[in-house]
There are 2 protein chains.
Amino acid sequence: MTTPRQLPMAAAPPRVRRDAAANSDRILAAARDVIRCEGIESLTMDHLAARAGVGKGTIFRAFGNRSGLFAALTDEAERTFQQEFLSGPPPLGPDAPPLQRLLAYGEGRLRLYAVHGPLLKAGSQDGSGRFDVPARQLSATHVRMLLRQCGVRDNVDVLAEMLLAPLEPDVTDHLLSTRNVTLEHVVAGWQRVAVSLVR
Amino acid sequence: MTTPRQLPMAAAPPRVRRDAAANSDRILAAARDVIRCEGIESLTMDHLAARAGVGKGTIFRAFGNRSGLFAALTDEAERTFQQEFLSGPPPLGPDAPPLQRLLAYGEGRLRLYAVHGPLLKAGSQDGSGRFDVPARQLSATHVRMLLRQCGVRDNVDVLAEMLLAPLEPDVTDHLLSTRNVTLEHVVAGWQRVAVSLVR
DNA sequence: AAGAAAAACGGACTATGGTCCGTTTAGCTC
DNA sequence: GAGCTAAACGGACCATAGTCCGTTTTTCTT
């Protein structure tokens, strides 16, 4: 993240103690285990601490809060997706034209839901703080850049949020569960909004 | 409220006991009082119960949960807005052309935030259940209707949600507080999305 | 007006996310 | 390897939303 770009040996890399790393791993493993065996609604912090053989404080020290834990559970997929849209091949990566990249971004984000649906839903921040997560900020920056590259000049900050808001997991969840709609419909709808906005 | 439109004596009107009604009023009054004097973050259920001179169970019996309480606090403004877009004068009401109504709807919804911002923010349902509130369903139905009247034929369910999602209070709150943006910018951005979608 | 049935009351109780701080341990220095 | 320091640990503790059920009150019936 904030690793210095300079000489690798300078500027104190904040060493991670081995017990801390090991505990984080055990917590994540236990969390996946609980989710698989008992369902996501059984994943309380107390239960998880007991299951991982760890104090509750350790979980909060490692992940900050419940949302941080869920973020960590989906971190690998998120990082992969970030790599793809930052430096991967077309249509997500920088070698594709900007509109194509934008459409691919939305589709990718929505399909992430299809894979990690319950996780994302359970982990979505409760109101405040949802926007402060680094991954979300990166996404916002990315969409703003693509909008500019598509020729949008005015009000880019606002328009980017207008495009990002419908990508939140609960929107897709609602559409899929209560209206007669498939993920393909959601993708197509979002892309239609994006195309017409840029055109 | 839910007074029957038909013959008053038919269809068992579920009588509201007088003590219940009085307590609801006292709770709402106490809530506004606490918010005004001590700030919205001091409005815990225990505190409110003590302040209203009422048991905590009474609050939950009357409003269901914390979100229900906040919904009740903004109920009057919400009902007024509903009246306006269902049967009021143009540009919100049925005598205006559909696109104009749609733009006015978005603006009205966003300006509601300017008035009741903290309330709406604090009361916004925590993830699940946000879509099941009657007011939200009415809004969704309204936007779907307007989209159809604007000539949108395909995927109306999805497109309506794409337009509704950015109207959630936390989006506006984020834009206003962290980016250099005014409510007018938010309104203009949303309207641009709506116009380009329909065109 | 008295009695009965249904509804509402209230506050102790539960569940759960998150904090605090005295104790333990990893990793560095000599 | 002994000792030191900063970091991590862990579980008691706190705050708060929401539930439960014995008690009280309203309102209907006769």
Legend entry - Base versus backbone protein contacts along nucleotides 19-25 of chain C [heavy-atom cut-off under 4.0 Å; B, S, -]: B-----B
Inset, instruction - Please determine, for the side chain of A:Ala20, which listed nucleotide (C:dG10, D:dA8, C:dG18) has the closest atom? - result: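 The closest nucleotide is D:dA8.
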Inset, instruction - Measure from the side chain of A:Val54, starting at C-beta and using heavy atoms only, and say which of D:dG10, D:dA17, C:dG10 lies closest. - result: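 That would be D:dG10.
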Would you say [X] reaches [N]'s phosphate, i.e. side-chain N/O to OP1/OP2 under 4.0 Å?
X       : N      : result
A:Asn23 : D:dA8  : no
A:Arg18 : C:dG27 : yes
A:Thr58 : D:dG10 : yes

Inset, instruction - Give the C-alpha distance, both sets of side-chain angles, the deciding distance and a yes or no for salt bridge (charged side-chain N to carboxylate O under 4.0 Å, His left out) between A:Arg79 and A:Glu84. - result: CA-CA 9 Å; A:Arg79 291 181 104 79; A:Glu84 287 174 355; over 6 Å; no
Inset, instruction - Using a 4.5 Å cut-off on heavy atoms from C-beta on, say whether the side chain of B:Asn155 contacts that of A:Arg192. - result: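 Sidechains of B:Asn155 and A:Arg192: no contact.
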Inset, instruction - For salt bridge (charged side-chain N to carboxylate O under 4.0 Å, His left out), just list the numbers for A:Arg130 and A:Glu168, CA-CA rounded to whole Å, side-chain angles, deciding distance to a tenth of an Å, and then say yes or no. - result: CA-CA 10 Å; A:Arg130 193 169 88 193; A:Glu168 291 295 318; 3.6 Å; yes
Inset, instruction - Could you pick out which residue, A:Asp46 or B:Asp46, lies toward the 5' side of DNA chain D when each is mapped onto its nearest nucleotide? - result: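 On the 5' side of the pair lies A:Asp46.
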Inset, instruction - Would you check, one step at a time, whether the test side chain to side chain contact (heavy atoms under 4.5 Å, CB included) holds for A:Ser196 with B:Arg199? - result: CA-CA 8 Å; A:Ser196 57; B:Arg199 217 181 24 196; over 6 Å; no
Legend entry - Donor-acceptor under 3.5 Å (B:His47 side chain, B:Thr44 main chain):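 Judged by distance alone, no pair lies under 3.5 Å.
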